**Q** 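Questions regarding the structure given below will be posed in turn.
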Amino acid sequence: MRLWFGVFSKYAAAVAVAAVGVVTTCAQLGALEQGRSGVVAQTALIDMYMKCGRLDLAMLAFGSMAERSVVTWNVIIVGHATHGYGLDA
């Protein structure tokens, strides 16, 4: 488990930086359709918050999203249910 966490934590920051870079570049180019992948990055962030037990941060990020996908909603529902808040989902 420690090995997996070490590998994950080593690359998680790089993936996050890359995702921010892609969305920023799309914004600068006015490439709205390509930038919509921001939903993917935001959903991944929400998923991380949920898996770490930070439902407060997950809901804050969810509330700030202009667009949500079916996957985003699924992450919210499963995250709440996993932590014993299924009825709140």
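Fair warning: this is a prediction, and the values are worked out from it, not measured in the lab.
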**Q** Taking all atoms of both residues into account, what is the closest heavy-atom pair of Thr72 and Thr43, and its distance?
**A** OG1-OG1, 2.5 Å
**Q** Could you measure the distance from the CE atom of Met50 to the CG atom of Leu57? Nearest 0.5 Å is fine.
**A** 10.5 Å
**Q** Got a second to check how far Met59's CE is from Ile76's CD1, nearest 0.5 Å?
**A** 5.0 Å
**Q** Sorted by first residue and then second, give each salt bridge (charged side-chain N to carboxylate O under 4.0 Å, His left out) pair with at least one member in residues 54-65; sequence neighbours left out.
**A** Arg54-Asp56
**Q** Do the side chains of Leu55 and Trp73 join up, straight or via other hydrophobic residues, at under 4.5 Å, putting them in one cluster?
**A** yes
**Q** Is there a path of hydrophobic side-chain contacts, each under 4.5 Å between heavy atoms of I, L, V, M, F, W or Y residues, that connects Ile46 with Tyr85?
**A** yes
**Q** Output yes when a side-chain donor or acceptor of Arg68 lies under 3.5 Å from a complementary backbone atom of Phe62, and no otherwise.
**A** yes
**Q** To check you understand the geometry: which heavy-atom pair defines the closest contact between Tyr49 and Ala61, and what is its length?
**A** CE1-CB, 4.5 Å
